[in-house]
Amino acid sequence: YCLINKWEEAVSDLSIALEKEKNDIEILKFRAHALKSIGKYVLAINDYSAVINKNPLDYESLIERGKLQMKRKNYKLALSDFAKIRDKTTDLYLIMSDCFLFLGNVVSAFSALKRVEDDRIKKNYNLFKIYEMQYNIDEGMKYLNLTLEKSQDIIVLKSAADFYYNCGDF
């Protein structure tokens with residue numbers, strides 16, 4: 001069912017399988033994914049938590065639970081999960097930067113972005129947001145323009161319009 005996006009059926013069958021195999025981590029992970037896919041985030045978090053309780057080093061489950069916490073705007077809980085991961089990837093640092101920005105922690109957001117070596121749209125956009133929050137117009141403009149060169153996403157365009165308006169460049 002998971003392969004053909006029949007998530008409700010997948011949850012049902014996986015729940016039955018878990019009654020027989022209560023300690024099967026893979027079944028729990030599949031059900032968590034299925035629950036996430038139908039928007040049942042709290043139940044998915046519960047399944048990922050059960051996996052993590054059985055295997056605290058299951059980084060995939062920590063990341064997925066952290067992302068679900070972000071969807072629920074529980075940024076501190078998300079960061080707590082992400083902090084447990086030893087080998088952080090560029091994508092994870094970008095996600096962590098988002099969490100820090102939502103919490104208003106500019107210093108930690110900037111620190112996470114410094115670990116991103118390549119020039120990604122998300123990195124430039126988050127740097128723009130940081131400089132915008134600090135009222136550093138020149139640096140904000142620099143990173144906004146770098147973002148706009150690579151993306152005309154509606155969120156980026158709205159942010160640009162708001163920024164230019166607030167700077168008096170309209």
- Item | Trace of the side-chain contact (heavy atoms from CB on, under 4.5 Å) decision for Leu146 with Lys150 | CA-CA 7 Å; Leu146 286 171; Lys150 296 181 180 177; over 6 Å; no
- Message: One pair to check against side-chain contact (heavy atoms from CB on, under 4.5 Å): Tyr59 and Glu64. What are the steps and the verdict?
- Response: CA-CA 8 Å; Tyr59 293 158; Glu64 290 303 318; over 6 Å; no
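- For Ala160 against Leu144, the heavy-atom pair with the smallest separation is CA-CD2, 3.7 Å.
- Aromatic ring orientation, Phe163 versus Phe128: perpendicular (interplanar angle above 60°, classes split at 30° and 60°).
- You'll find the side chain of Tyr93 stays beyond 4.5 Å of the side chain of Glu117, heavy atoms only.
- The minimum heavy-atom distance between Lys54 and Lys22, with the atom names listed, is NZ-O, 3.8 Å.
- Between Ile25 and Asp58, the closest heavy-atom pair is CG2-OD2, 4.3 Å.
- Looking at Lys73, its side chain never comes within 3.5 Å of a backbone N or O of Met70 through a donor-acceptor pair.
- Remark: the backbone N or O of Lys76 is not paired with any side-chain donor or acceptor of Ser80 at under 3.5 angstrom.
- The existence of a salt bridge linking Asp162 and Lys158 is confirmed by a sub-4.0 Å separation between a basic side-chain nitrogen and an acidic carboxylate oxygen.
- Hydrophobic clustering, with ILVMFWY side chains joined whenever heavy atoms are under 4.5 angstrom apart, groups Ile155 together with Phe102.
- Summarising the geometry, atom NZ belonging to Lys122 is positioned 7.5 Å from atom OG belonging to Ser97; distances are rounded to the nearest 0.5 Å.
- To the nearest 0.5 Å, the span separating CE on Met96 from OH on Tyr75 amounts to 15.0 Å.
- Contact check for Leu35 versus Ile45: no side-chain heavy atoms found under the 4.5 Å cut-off.
- Not one N or O on the side chain of Ser111 forms a donor-acceptor pair closer than 3.5 Å with the backbone of Val107.
- Cluster annotation: Val156 and Met141 are assigned to the same hydrophobic cluster (Ile/Leu/Val/Met/Phe/Trp/Tyr, side-chain heavy-atom contacts under 4.5 Å, transitive).
- When only modelled atom types and interatomic distance are considered, Thr90 and Arg120 share no side-chain donor-acceptor pair under 3.5 Å.
- Annotation for Leu57: atom CG counts as buried by contact number, over 12 foreign heavy atoms lying within 6.0 Å.
- Phe82 and Lys67 make their closest contact through CZ-N, 3.8 Å (heavy atoms, listed as atom of the first residue, atom of the second, distance).
- When hydrophobic clusters are built by joining Ile, Leu, Val, Met, Phe, Trp and Tyr residues whose side-chain heavy atoms come closer than 4.5 Å, directly or via intermediates, Ile95 is grouped together with Ile130.
- Of the candidates Asp13, Asp47, Asn46, Asp47 is the only one forming a side chain to side chain donor-acceptor pair (under 3.5 Å) with Arg31.
- Minimum interatomic distance between Asp81 and Gly66 (heavy atoms only, all atoms of both residues): OD2-N, 3.5 Å.
- We find the CZ-CG distance between Arg115 and Leu92 to be 11.0 Å, quoted to the nearest 0.5 Å.
- Surrounding CD of Gln152 are more than 12 heavy atoms belonging to other residues, nucleotides or ligands, all under 6.0 Å away.
- Within a 6.0 Å sphere centred on CD of Glu139, other residues, nucleotides and ligands contribute more than 12 heavy atoms.
- In this structure, CG on Leu68 lies 14.5 Å from NZ on Lys40, to the nearest 0.5 angstrom.
- Within the model, atoms OH of Tyr125 and CG of Leu113 stand 13.0 Å from one another, a figure rounded to the nearest 0.5 Å.
- Contact check on Lys123 versus Asp118 returns no salt bridge, with no Lys/Arg side-chain nitrogen under 4.0 Å from an Asp/Glu carboxylate oxygen.
- The one candidate from Ile52, Leu62, Leu79 that meets the side chain to side chain contact (heavy atoms under 4.5 Å, CB included) condition with Lys84 is Leu62.
- Taking every heavy atom of both residues into account, Val51 and Ser61 meet most closely at CG1-OG, 3.4 Å.
- Both Tyr143 and Phe100 are part of a single hydrophobic cluster, where members link through side-chain heavy atoms under 4.5 Å apart.
- Side-chain atoms of Ser151 do not come within 3.5 Å of backbone N or O of Thr147 as any donor-acceptor pair.
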- Item | Stepwise side-chain contact (heavy atoms from CB on, under 4.5 Å) test for Leu157 and Leu148 | CA-CA 8 Å; Leu157 292 173; Leu148 287 169; 3.9 Å; yes
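- The aromatic rings of Tyr131 and Phe110 lie perpendicular to each other, with more than 60° between the two planes, well past the 30° mark.
- Within the 4.5 Å cutoff, the side chain of Leu77 has no heavy atoms near those of the Arg72 side chain.
- Atoms OG and CD1, on Ser159 and Ile154 in that order, are 10.0 Å from each other to the nearest 0.5 Å.
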